[in-house]
Amino acid sequence: MNASATNSEPSPSTPAPSPPSTLWPRAAEPPSVEEARALQDRLAPEVRAEPLDVERVGLVAGLDVSYTEGRLVAAAVVLSARTLEVVDSATVASEPRFPYVPGLFAFRELPPLIDAIDRLGTAPDVFVCDGFGLAHPRRFGLACHLGVLLDRPTLGVGKTPFVGRAEPPAPERGAWSPLVDDGEVVGRALRTRTGVKPVYVSIGHRVDLDSATELVLRMAPNYRIPEPIRRADRLSRDHLGV
DNA sequence: GCGACAG
DNA sequence: ATCTTGTCGC
């Protein structure tokens, strides 16, 4: 549609290249910090919140990345939503190609995570990310980015607050309070274990906050961190040799 | 301008 | 993320 919207140097005889930043992370070069923020602003309107029938979710994927001196291992672990048993998994070893910059987490972890997901032999119904989705300065955290990229349901689970504020939920498991940023509800502080500090849930794409909350609670019957993420964390760490 | 800042 | 021991509590 907007074929002339991209400003680039005149290229005399080169076939029109597709817009590189739009295709990221398939693009060869990582974007600059400025380009990365602009890309988030451009893609944020694509995010859709819609109800997800949690009863009918069969497979849930957990994603995480572990690091050690210039190396990283990304892991994707697929669990049966009903039994929480691992039915599939994949890892990929690589090197960080983008620094850790708060707000640009996806540009660091998405490339290896995509690779790991590509190596799966199953098609998960939902992807659970270690981090945030809508609860992000530009409303486009890692979980949103992955969801829009795959056009699949995604959600984020963070261990510490990033943006917004939430009252402490009641101490019982299942209790939650809205996570509000700039007058907007961007997620929930959710108690997955009675008497233990909450996790922070936000939608990524193609789920709504109620569905996300229900799913996270279901995936975390015994520990604070949802089982898919726990397994991905362990797998990536083991594969790294730490 | 200063501090805060997912993992 | 990672660097790190013991310790309080169910």
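Letters A, B, ... mirror the listed sequences (proteins, then strands); counts begin at 1.
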[X] side-chain N/O to [N] phosphate OP1/OP2 under 4.0 Å:
| X | N | value |
| --- | --- | --- |
| A:Tyr200 | B:dA6 | no |
| A:Arg237 | C:dT2 | yes |
| A:Thr160 | B:dG7 | yes |

Could you give the [atom1]-to-[atom2] distance, from [X] to [N], as a whole number of Å?
| X | N | atom1 | atom2 | result |
| --- | --- | --- | --- | --- |
| A:Phe132 | B:dG7 | CZ | C1' | 10 Å |
| A:Ile203 | B:dA6 | CD1 | P | 21 Å |
| A:Tyr67 | B:dG7 | OH | C1' | 6 Å |
| A:His136 | B:dA4 | NE2 | P | 20 Å |
| A:Arg193 | C:dG9 | CZ | C1' | 12 Å |
| A:Leu240 | C:dA1 | CG | P | 12 Å |
| A:Arg71 | B:dG7 | CZ | C1' | 18 Å |
| A:Gln40 | B:dA6 | CD | C1' | 12 Å |

Discussion item. Stacking between A:Phe105 and B:dG7, defined as ring centres under 5.5 angstrom apart with planes under 30°, is that present or not?
Written reply: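 The base of B:dG7 is not stacked with A:Phe105 (the test needs centres under 5.5 Å and planes under 30°).
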Item to complete: Report yes if the ring of A:Phe162 lies under 5.5 Å from the six-membered base ring of B:dA6 with planes under 30°, and no otherwise.
Response: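 Here the ring of A:Phe162 and the base of B:dA6 are stacked, with centres under 5.5 Å and planes under 30°.
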Worksheet item: Does the side chain of A:Thr213 pick up a donor-acceptor pair with the side chain of A:Arg188 at under 3.5 Å?
Response: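 The criterion, which ignores hydrogens and geometry beyond distance, is satisfied for A:Arg188 and A:Thr213.
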Worksheet entry | Side-chain donor-acceptor pair present, A:Glu109, A:Tyr67, cut-off under 3.5 Å | yes
Discussion item. Using the side-chain contact (heavy atoms from CB on, under 4.5 Å) definition, which of the options A:Leu104, A:Asp182, A:Asp181, A:Val163 pairs with A:Pro137?
Written reply: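 Single pass found, and it is A:Val163.
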Give one of base, sugar-phosphate or nothing for [X], where a contact means two heavy atoms less than 4.0 Å apart.
| X | result |
| --- | --- |
| A:Leu72 | nothing |
| A:Gly156 | nothing |
| A:Thr68 | nothing |
| A:Leu104 | base |
| A:Tyr100 | base |
| A:Gly141 | base |
| A:Pro137 | nothing |

Response to the item:
Value for CZ (A:Arg48) from CG (A:Asp208), rounded to nearest 0.5 Å, stands at 14.0 Å
Item to complete: Would you check if the distance from the ring center of A:Phe105 to the ring center of A:His136 is below 6.0 Å?
Response: no
